[in-house]
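For reference, the structure is listed below as structure tokens.
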Amino acid sequence: MTEAWVRNKPGMASVKDMPVLQDGPPPGGFAPVRYARRIPTKGPSAAAIFLTAFGAFAWGMYQVGQGNKVRRALKEEKIAARTALVPVLQAEEDERFVKEWRKSLVREAIVMKDVPGWKVGQSVYNSGKWMPPATGELRRED
């Protein structure tokens, strides 16, 4: 396809002979070009995010406080139960100790019968202070 046929001007010898056809704006002008940066607002605002985070934190702290109350009550109950059981356990241990102590005195009397001046059950320490006997020493050795 030639330029002469496109412009419907037969017999043109050069492009320079062609009439000037220049594009222009449409009637009323072009629409304005938007060159400003407009970022759409998507998602919650900063205040909404902050309030949500604060609410979650406050609820979590409330739950921690409730858990502390429950744990404290259980601990107090445990201490009360142990306090109530201590006299019973101590009485049982004292009874066991007296039985073992008597057996120990009998064994001591048998072992030390030939030692002159030995008094069965007398402390070998001369400190003058009373010391509670070490109950662990009087365990059965079966």
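Predicted model only: the values in this text are computed from it and were never measured. Heavy atoms only: backbone and side chains are in, while hydrogens, waters and symmetry mates are out.
Remark: V33 pairs with no residue by the side-chain contact (heavy atoms from CB on, under 4.5 Å) rule, at least two apart or across chains. Listed by chain and number, the residues in a side-chain contact (heavy atoms from CB on, under 4.5 Å) with Q122 are K119 (sequence neighbours excluded). In this view, L105 and W101, E108, V120 satisfy the side-chain contact (heavy atoms from CB on, under 4.5 Å) rule, not counting sequence neighbours.
Across all non-hydrogen atoms, the minimal contact from V88 to A84 is CG2-O, 4.5 Å.
Under a 4.5 Å side-chain heavy-atom cut-off, the cluster of Ile, Leu, Val, Met, Phe, Trp and Tyr residues that includes V86 has no other member. In the hydrophobic clustering, where aliphatic and aromatic side chains (Ile, Leu, Val, Met, Phe, Trp, Tyr) are joined below 4.5 Å either directly or transitively, L74 groups with V70. Under a 4.5 Å side-chain heavy-atom criterion applied to ILVMFWY residues, the cluster that includes F54 comprises that residue alone. Residue F30 shares its hydrophobic cluster (ILVMFWY side chains chained together at separations under 4.5 Å) with no other residue.
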Show me the donor-acceptor pairs, under 3.5 Å and distance only, between side chains in residues 44-52 and residues at least two apart or in other chains.
unit_1: S45; atom_1: OG; unit_2: A48; atom_2: N; d: 3.3
unit_1: T52; atom_1: OG1; unit_2: A48; atom_2: O; d: 2.8

For residues 55-65, tabulate all N or O donor-acceptor pairs below 3.5 Å that involve a side-chain atom, not counting sequence neighbours.
none

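For residues 69-83, the side-chain hydrogen bond (donor to acceptor under 3.5 Å, both in side chains) pairs, not counting sequence neighbours, are N68-R71. Here side-chain hydrogen bond (donor to acceptor under 3.5 Å, both in side chains) pairs that include residues 29-40, with residues two or more places apart or in two chains, number zero.
The line from CG of L85 to CD of E92 is 9.5 Å long, rounded to the nearest 0.5 Å. Distance check: E93 CD to R96 CZ gives 4.0 Å after rounding to the nearest 0.5 Å.
Placement of M112 and V106 in two distinct hydrophobic clusters is found when ILVMFWY residues are connected by side-chain heavy-atom separations under 4.5 Å, directly or transitively.
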